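Below is one structure, written out as structure tokens, with a few remarks after it.
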Amino acid sequence: MSSRESVSADLSTRLDDDALTAAAEGVVATAEARATYLNDLTSAVSALSHPARGVETFVAGLVDDLVDLAQVAVRTHQGWLVAGQVHGHRMVDVHTYEVGRNQGRVMKSLLQQRQTETWLLPPDTPQRAEVLGHLFGTTELLHEVESLHAATLLIVPMVARGRCFGLVVMARRAPLGFDDGYIAFLEQVVGRIAVSLDACCVVSDNRHVASTLRRSLLPRALPSSSRLDLASYSRVAQEDITVGGDFIDLHGSGDDQTLLIGDAVGKGVAAAIAAKRIRSAVRTGSMVDRDPAFVMRLTNQVIVSEDDDVVESLATAVCARLQREDDALRVTLVNAGHPLPIVLRTDGTVQTVGGHGPALGIFDDADYESQTVVLGPGDLLLLYTDGVTEARGERDLFGEVRLRDVLTGLAGAPASALVEAVAMSISQFASDSEDRDDTAIVAVRLLP
């Protein structure tokens, strides 16, 4: 039995045979039966976390116990959610219901009126088909409604928090219609469910906004290069949020590219927003002048000018310009308070490169100096965030000594192998402490 059928069965068992007979005649039994029906339907809709399921459950509850036709249309930030059903037919659910342009325009107009309406349907004429088309579009409901030979349609708005966000269209098979008492009860039903569906829509909209924000904050994958061997690794501290403050970016032409790695203070969404701003500022600055010193000065000024709180704007980064020159790669580095990059030569030599400059977001007049290192074929440049060296084990931190030990013996290995070796070493070393930081690693090796 489906969840919708289960809800219907639960509702039906709440009404005795006399109540169902009275409902068929246009009167919903006693006040007690009405209250029971309302409570059960409200509980069924409130228990759902997705508006689509709420709309479908509402339709099922109406058709199974109160009317012969029900169509529920809810207007959300993502568009219309509409489901409908005629008694004895399968439901047209929200996934198959398509709202046409004319139908959408009519429903928007009804939303603005915010009042219950009773439409008298003309007999079998072109005008009748036009009226039904305005409300049911071209869905199969249009043909099923005709089988009821209904003389009237009842349209009840759904209002919550002072706004009209949906419509409920109902009909009963001929010769049954809607008297004043029945309309009043149906308005009560719609009003009660509207509050539950509105709350469901709010949660769904917030979830959609959060998901869209997370997607926009995720760093882009590093582009492939026929001249360079590139590999990267990243892990966020708050894995349930999926975004963090460590970032990697690479952009520019094939022989002149800008590589950026950084760490915005904090964790989660706030840090990810700061990281995205820094990436955007670096990309903009690189369009003006590709000199890393200029780019970092401009980026720092942008960050300082946008934030009053020094702590929230603080970030460290390394900006490197990669220029291919025959069989060499010239790397021009600027370090803004970040861990020093490491060069692994093909002969196994390990050396740190670059100087120390002020972190981003502290001083508006901060100045940065660049340093240059040249990589030969097979040489590799490793950049990382402090999530590597400050990974906490049972007794101490991972540290630079352990990092160098991992690199020993990997001279000439592909960038992906080196990055994987570092990442695995950190994972094996780190304890299960909740104080884990974001981690990012990127390696660049010059291909012969």
Side-chain angles (χ1 to χ4, degrees), residues 4 23-27 52 55-56 58-76 78-159 164-187 189-191 193-194 197:
R4 184 176 68 81
E25 296 173 352
V27 180
V55 167
E56 293 168 357
F58 189 16
V59 169
L62 291 172
V63 171
D64 289 335
D65 293 309
L66 298 181
V67 295
D68 295 302
L69 156 73
Q71 175 177 282
V72 177
V74 172
R75 181 71 171 172
T76 71
Q78 290 88 53
W80 287 103
L81 285 178
V82 188
Q85 185 179 15
V86 171
H87 188 76
H89 297 268
R90 69 179 183 86
M91 180 182 295
V92 181
D93 59 33
V94 296
H95 301 292
T96 57
Y97 199 119
E98 295 183 4
V99 178
R101 180 177 300 177
N102 292 334
Q103 183 185 7
R105 185 162 49 244
V106 171
M107 290 196 297
K108 287 181 182 179
S109 177
L110 291 171
L111 287 179
Q112 295 172 355
Q113 294 178 28
R114 299 183 54 165
Q115 62 183 8
T116 300
E117 294 190 8
T118 302
W119 285 14
L120 297 177
L121 293 175
D124 296 333
T125 63
Q127 287 76 20
R128 180 184 177 91
E130 182 179 0
V131 171
L132 293 177
H134 286 326
L135 291 175
F136 304 106
T138 58
T139 66
E140 57 192 82
L141 280 175
L142 182 63
H143 306 290
E144 295 170 359
V145 170
E146 288 287 56
S147 66
L148 299 177
H149 303 291
T152 59
L153 291 176
L154 181 65
I155 304 172
V156 182
M158 302 181 69
V159 180
C164 183
F165 69 99
L167 298 169
V168 182
V169 182
M170 293 169 282
R172 307 183 73 194
R173 66 178 66 252
L176 299 175
F178 301 98
D179 60 24
D180 292 342
Y182 205 53
I183 291 176
F185 176 64
L186 290 174
E187 287 178 325
V189 172
V190 173
I193 300 303
L197 269 180

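What's counted below: heavy atoms across the whole structure, side chains too, no hydrogens, waters or symmetry copies. Predicted model, so just to flag it, every value in this text is computed and none were measured.
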Derivation and outcome, side-chain contact (heavy atoms from CB on, under 4.5 Å), residues Lys108 and Trp80: CA-CA 10 Å; Lys108 287 181 182 179; Trp80 287 103; 4.0 Å; yes
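- Summarising the local packing, CD of Gln113 is surrounded by more than 12 heavy atoms from other residues, nucleotides or ligands at distances under 6.0 Å.
- The only member of Asp68, Val63, Leu148 that meets side chain to side chain contact (heavy atoms under 4.5 Å, CB included) when paired with Val86 is Leu148.
- Residues Leu167 and Leu110 come closest through the heavy atom pair CD1-CB, 3.6 Å.
- Looking at every heavy atom in both residues, Phe178 comes nearest to Ile183 through CB-CG1, 3.6 Å.
- For the pair Arg172 (side chain) and Gly177 (backbone), a donor-acceptor distance under 3.5 Å is present.
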Worked verdict on Phe136 versus Val92 for side-chain contact (heavy atoms from CB on, under 4.5 Å): CA-CA 11 Å; Phe136 304 106; Val92 181; over 6 Å; no
Stepwise side-chain contact (heavy atoms from CB on, under 4.5 Å) test for Met107 and Arg75: CA-CA 9 Å; Met107 290 196 297; Arg75 181 71 171 172; over 6 Å; no
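- When side chains are defined from C-beta on, Leu153 counts as touching Leu132, because their heavy atoms get closer than 4.5 Å.
- The two residues Leu62 and Val168 make their nearest non-hydrogen contact at CD1-CG1, 3.8 Å.
- Shown here for Gln127 and Pro122, the closest heavy-atom pair between the two residues is C-CG, 3.9 Å.
- Residues Leu111 and Phe165 have side chains not in contact (no heavy-atom distance under 4.5 Å, counting atoms from C-beta outward).
- Remark: of the listed residues Val156, Thr152, Ile155, Thr152 is the sole one forming a side chain to side chain contact (heavy atoms under 4.5 Å, CB included) with Thr118.
- Interatomic distance, His95 NE2 to Glu56 CD, rounded to the nearest 0.5 Å: 5.5 Å.
- Across all non-hydrogen atoms, the minimal contact from Leu141 to Gly84 is CD1-CA, 3.6 Å.
- Within the model, atoms CG of Asp93 and CG of Leu81 stand 11.0 Å from one another, a figure rounded to the nearest 0.5 Å.
- Residue Leu66 holds its CG atom at 5.5 Å from CZ of Phe185, rounded to the nearest 0.5 Å.
- Between atom CD of residue Gln112 and atom CZ of residue Arg114 there is a gap of 11.0 Å, rounded to the nearest 0.5 Å.
- Taken from CZ in Arg90 to CD in Glu144, the straight-line distance is 8.0 Å, to the nearest 0.5 Å.
- The two residues Gln71 and Leu135 come nearest to each other via the heavy atoms NE2-O, 2.9 Å.
- In this structure, NE2 on His87 lies 11.0 Å from OG on Ser147, to the nearest 0.5 angstrom.
- Side-chain atoms of Thr139 and Val82, non-hydrogen and from C-beta on, never get closer than 4.5 Å to each other.
- Judged purely by atom type and a 3.5 angstrom limit, Gln85 uses its side chain to pair as donor or acceptor with the backbone of His89.
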